[in-house]
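Only one structure is covered here, and it is reproduced in the block below.
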Amino acid sequence: MRTLLITLMLSLPIAVFAEEAGMVYIDGGDWELPIVREDTGQSGRVEDFLLDVHQVTNAAFLDFVRANPEWRRDQAPGIFRDAGYLSHWPSAEGLGEGNAAPDRPVTRVSWYAARAYCREIGGRLPSMTEWEYASERQRQALEIAPQDYASQLFSWYANPGAGDLRPVASGPADGLGIHDLHGLVLEWVEDFQLILGRGDDIDLLTGSCGDTARFLPEFDEAHYATFLRFQSRSNYQPVTTTSTLGFRCAYDPE
Amino acid sequence: MKLFKSPTIATALAFGLISGGLSADDRLVHDGEFMVDGKIFGLPEARVYTEDYSGPPVVGDYLTAVPHLAELDYEGNRTHDVRMDVISQQIEVAPGKSYNAWTFGGSVPGPTLHVREGDRVVFTMKNRSDEPVVITEPVNGGSPFFGQVQANPIQKNQPAVSPMPHSMDFHSGTVAANDKWQTIPPGATIEFEWVANYPGVYMYHCGTPSVLMHTAQGQYGAVVVSPKEGFPTDDQVDHEYVLVQSEFYLTEDEYTEGYRYDHEAAMARDPSQVTFNGHVNALHDAPLRANAGERVRLYVLNAGPSGTSSFHVIGAIFDRVWYEGNVENEWHGMQTVLLGASNGAVMDFIVPEEGSYKLVDHEFADAERGAAGTLVAGPRKQ
Amino acid sequence: MKTAFIALATGALLAVSAFAENPHAGHDAHANHTPMTAEAITHEHSLFHLDADWQTQDGRSIRLDQLAGKPTLITMIYGSCTTACPVLVNDARRIDRALPDAIRKNLQVVVVSFDPARDTPERMADYGADYDVDAERWHFLHGAPADIRTLAAMLGVRYRDNGDGTFDHSNLLTLLDPEGRVAERSEGLARPVDPIVKALERLHETPRAEAVASD
Ligand SMILES: [Cu+2]
C-alpha cells in the first residue's frame with residue numbers, strides 16, 4: 001500500500017489520486033479548536049493531509065486481521081484491547097449480519113487496534129485537530145446551520161443506533177466528499193485523551209463535575225454537541241471498545 | 001482491595017455485630033484512614049478495572065425502588081456491599097412520552113439506598129451503557145429493587161444501548177471527587193468506599209460533563225442516611241415513603257421516532273415534565289396510602305437538575321421537618337419546605353381525616369408540568 | 001494526591017539545582033509547561049507485547065522484550081526540558097543509588113524521549129553522560145513517534161507537543177517486573193524512593209519460578 005501510494009503520487013495529480021484511493025485531500029489552514037484550551041495563545045495551524053472518505057469497514061478490518069493474526073480477537077494481547085474487542089463478529093475471522101456485515105463500519109476496536117490498522121496500510125489515525133478541522137470544513141462546505149448540526153448530534157447521542165448501524169457511505173458525499181463524520185459512529189483520533197481528559201491539569205474537575213463553561217466560547221446547542229464529542233473521547237481508555245466507536249485513517253502527503 | 005487491618009473487625013462489620021462500643025481506632029479499616037470529630041476520612045483510592053460481570057445491575061439488600069425505603073433491620077453499624085451499574089434504558093415519563101435514559105440500575109430515579117450514620121459502603125459500578133440489560137424480568141441475586149419495579153413498571157422500562165462515559169457522585173460521601181467520582185468508559189468498573197459520616201437525605205448522580213445533560217438524562221437517585229440515634233418520632237411513624245422530584249427536558253426527535261433530551265430547554269430551565277418519582281402519574285396510578293390519624297413520614301429529595309421545589313401537602317401541615325434529613329435541623333409546623341437542587345428533607349405529618357391529599361410542588365408551573373401526586377387516606381383505625 | 005503540592009514545590013527547588021549541572025540549561029523555552037496527571041493503569045499485562053524497535057544512546061537497536069528477565073525502571077522525558085525532566089531522571093538515579101548492590105546490578109533503567117526529532121541517539125548519549133550512570137544498565141531511547149505514543153498509552157503517561165519545542169507531560173516513574181508488567185508507579189517529582197525500592201526488594205526475593213506467565 002505504501003509503495004502503491006508513492007507510485008500513484010508520482011503519476012497523478014494528488015487530488016485525483018486521493019479520490020481513487022478512497023481519500024480526500026484536505027487543504028490545511030489556520031484554525032482554532034471549537035473548544036477553548038486555556039493554555040494556548042497561538043492560533044493553530046493545520047497542515048495539508050489526506051483522510052479516508054469513509055470509515056473503515058468490517059470487511060477491510062477482516063482483511064487486516066487475516067494478514068495480521070496477532071490482531072485476531074482470540075490472539076490480540078489483553079494490553080491492547082478490552083473484552084469487547086470484535087465481539088460482535090460471529091467468529092474470530094468471520095463476518096455476519098447487521099453490525100457485523102462487511103459494509104458496516106467496524107466497531108468494537110480499541111485505539112491500539114485502529115492505529116495498527118492505519119499503520120499497516122501506510123497511514124495513521126488523524127490527530128484530534130485534523131479530525132475536528134475536517135468536520136468543521138465539511139459543515140461549512142455543506143452550509144449546515146449550527147442548529148441542524150446540533151439537532152442531528154443530540155439525536156445521535158440520544159439514540160446512537162448502536163444495535164442497527166447503516167452501511168458506511170450510504171448517502172451522497174457532498175461538501176468535501178467525506179462520508180459519515182457525524183451520525184454513524186464516533187471515531188478514534190491519535191491524541192484522543194488530550195484536552196478535557198481527566199488527567200489534564202488544565203481541567204481538574206472534568207472527571208467529576210461540569211465546569212464546561214471554561215471550555216465553551218458560546219453556550220449554544222452546537223457548541224455543546226461538539227463538547228460532548230470531546231468529552232466522550234477524552235474519557236475512553238486506549239483499550240476501550242464500544243458498539244458506536246470506529247475509525248478512519250489519515251495520511252501525510254508525500 | 002479489602003486491606004482490612006484486622007479480620008475480626010472486618011467480620012464484625014460485615015455481620016453488623018458492632019453497635020458503638022468500638023474505640024475510634026477500631027472503626028478505621030484501611031491504612032491511611034483517620035478520624036476527625038468521630039467522622040472517618042482518608043479512604044483508600046478508587047480502583048478502576050475490567051470485570052466479566054453480567055449479573056443483576058443492582059445488588060444490595062438495602063436498595064429499593066421509589067417510593068419504598070428498606071428497613072434497617074440491624075443494630076449499630078455495618079458495611080454494605082452495594083452495586084449500581086450504569087445501564088441505558090428506554091423509559092416513559094408521561095403517557096406516550098418515552099426516551100432513552102441514562103440510568104443507575106434501569107429506572108429514573110435510580111434505586112434508593114438506605115444506611116445508618118456511621119455505616120460504610122463498598123460501592124461497585126460497571127459502565128454497562130453499551131449492553132442491553134433487562135430489568136423487568138425476575139432476577140437472581142439482585143436487590144429488592146427489582147421486585148418493586150416489576151410490581152409497578154410505570155416507566156415501561158426497556159433495554160437500550162447508548163455507550164457513554166459515566167461516573168457516580170454520592171453527596172452522602174466525603175471523599176476526593178477527582179478520585180472516587182472519576183469518570184469511567186463503557187466496559188470499565190469502578191470500586192470505592194465511603195462512610196456515611198453525616199445523617200441526611202442525599203442525592204447521588206453522574207457528574208460527567210455535561211453534568212446538566214447526564215443528570216437530565218436520568219442519572220440520579222436518593223441515599224437516606226438515618227441518624228445513629230434515630231429521629232424523635234420514629235416509634236410513632238406508621239408509613240414511610242421516598243419522593244424524588246426532578247425535571248425532564250424532552251423534545252420530539254427530528255430524526256428518529258420518540259423523544260430526546262433538549263439541551264436548549266435544559267439551559268433555559270424550561271422542562272417538558274416535572275415529576276415525583278419519574279413519571280407524571282407515578283403517585284396517581286399508585287397513590288401513597290395511610291389512614292386518618294396516622295403519622296406519615298416523607299423522605300423528599302429534589303434532584304433538579306436545575307429547579308427548586310416548594311414542597312407542600314394540600315390539607316396537611318408538617319408536624320416536624322428535619323431539613324437535609326439531619327436530626328439537628330428540626331423545624332415545626334411547616335406548610336411548605338423549599339428545596340433547592342439536591343436539597344432533601346425528612347417531613348412528618350399527621351393525616352387529618354379520611355380523604356385525598358395532594359402532594360405538590362407549590363411552584364405551580366412545576367405542578368402543572370406533573371409535580372403532583374396523591375396520598376389516599378382511609379378511615380381512622382380503631 | 002495530598003502531597004502533590006509539596007512534591008511539586010520540592011521538585012521546583014531540585015529543578016534549580018539540577019539546572020546547574022545540566023548542559024542543556026540555558027534553553028529556557030517553556031519553563032512552566034503543564035504537568036499532566038498520569039492515567040490510571042487498569043491492566044496487569046506485559047508491556048513487552050509492544051512490537052517496536054528503539055535506538056539506544058550508543059546506536060544499538062533494542063526491543064522492550066529484550067529487557068525480560070530483570071526488573072526495569074522506565075520513565076519518559078524530553079531532552080530540552082529544563083524543569084521536570086532532570087528531576088525525574090535524577091529520581092531514577094536516586095532509586096538506583098539507594099539499592100543494595102545485589103539488586104542494583106539487575107536493575108535496568110530506560111529513559112524514553114517524547115521528542116525524537118531533537119533527541120537523536122547522539123544527543124541522548126550526551127544527555128545520559130551528564131548523569132554519570134552505568135551505561136550498561138541505563139538505556140536512553142529514541143523511537144518512532146507512533147511507538148512513543150503507544151508506549152505512553154501503555155504506561156498511562158500523557159503528553160502533548162506544544163509545538164514550541166516543549167511538551168506537557170506526566171511525571172511518572174514505572175517499575176516493570178521481569179515479565180514486563182507494571183509492578184509499581186511513582187507519580188510526581190522528587191518523591192520518596194521507598195515505594196519503588198521496596199518493590200524491587202520484593203521482586204528480588206520472589207523466586208523466578210513463582211512468577212506467573214504474563215499475558
Ligand atoms: Cu453519566
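As the structure is a prediction and not an experimental result, all values here were calculated from the model. Just the heavy atoms: all of them, side chains too, but no hydrogens, waters or symmetry mates, feed the values below. In what follows, every chain begins at residue 1, and chains take the letters A, B, ... in the order their sequences are listed.
Side chains of B:Pro186 and A:Tyr236 form a contact here, defined as non-hydrogen atoms less than 4.5 Å apart. Counting only heavy atoms from C-beta outward, the side chains of B:Val161 and A:Ser243 approach each other to under 4.5 Å.
Residue A:Glu218 qualifies as enclosed at atom CD: its count of foreign heavy atoms under 6.0 Å is above 12.
We find the CH2-CZ distance between A:Trp156 and B:Arg260 to be 14.0 Å, quoted to the nearest 0.5 Å. Note: A:Asn159 CG to B:Asn100 CG = 5.0 Å, rounded to the nearest 0.5 Å. The distance from the CG atom of B:Asp262 to the CD atom of A:Glu221 is 6.0 Å, given to the nearest 0.5 Å. Atom CE of B:Met213 sits about 10.5 Å away from atom CD of A:Gln231, to the nearest 0.5 Å.
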Side chain to side chain contact (heavy atoms under 4.5 Å, CB included) between A:Thr242 and B:Met164, intermediate numbers included | CA-CA 9 Å; A:Thr242 86; B:Met164 267 282 164; over 6 Å; no

Trace of the side chain to side chain contact (heavy atoms under 4.5 Å, CB included) decision for B:Glu264 with A:Ser151 | CA-CA 10 Å; B:Glu264 200 169 11; A:Ser151 298; over 6 Å; no

Could you give me the CA-CA distance, side-chain angles and deciding distance for B:Asp130 and A:Arg108, then say whether side chain to side chain contact (heavy atoms under 4.5 Å, CB included) is met?
-> CA-CA 10 Å; B:Asp130 195 17; A:Arg108 301 198 181 282; 3.1 Å; yes

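Between B:His263 and A:Phe154, the ring-plane angle classifies as parallel under the 30° and 60° cut-offs.
Nearest heavy atoms, B:Pro163 versus A:Pro160: CD-CG, 4.2 Å. Looking at every heavy atom in both residues, B:Ser210 comes nearest to A:Leu228 through N-CD2, 4.0 Å.
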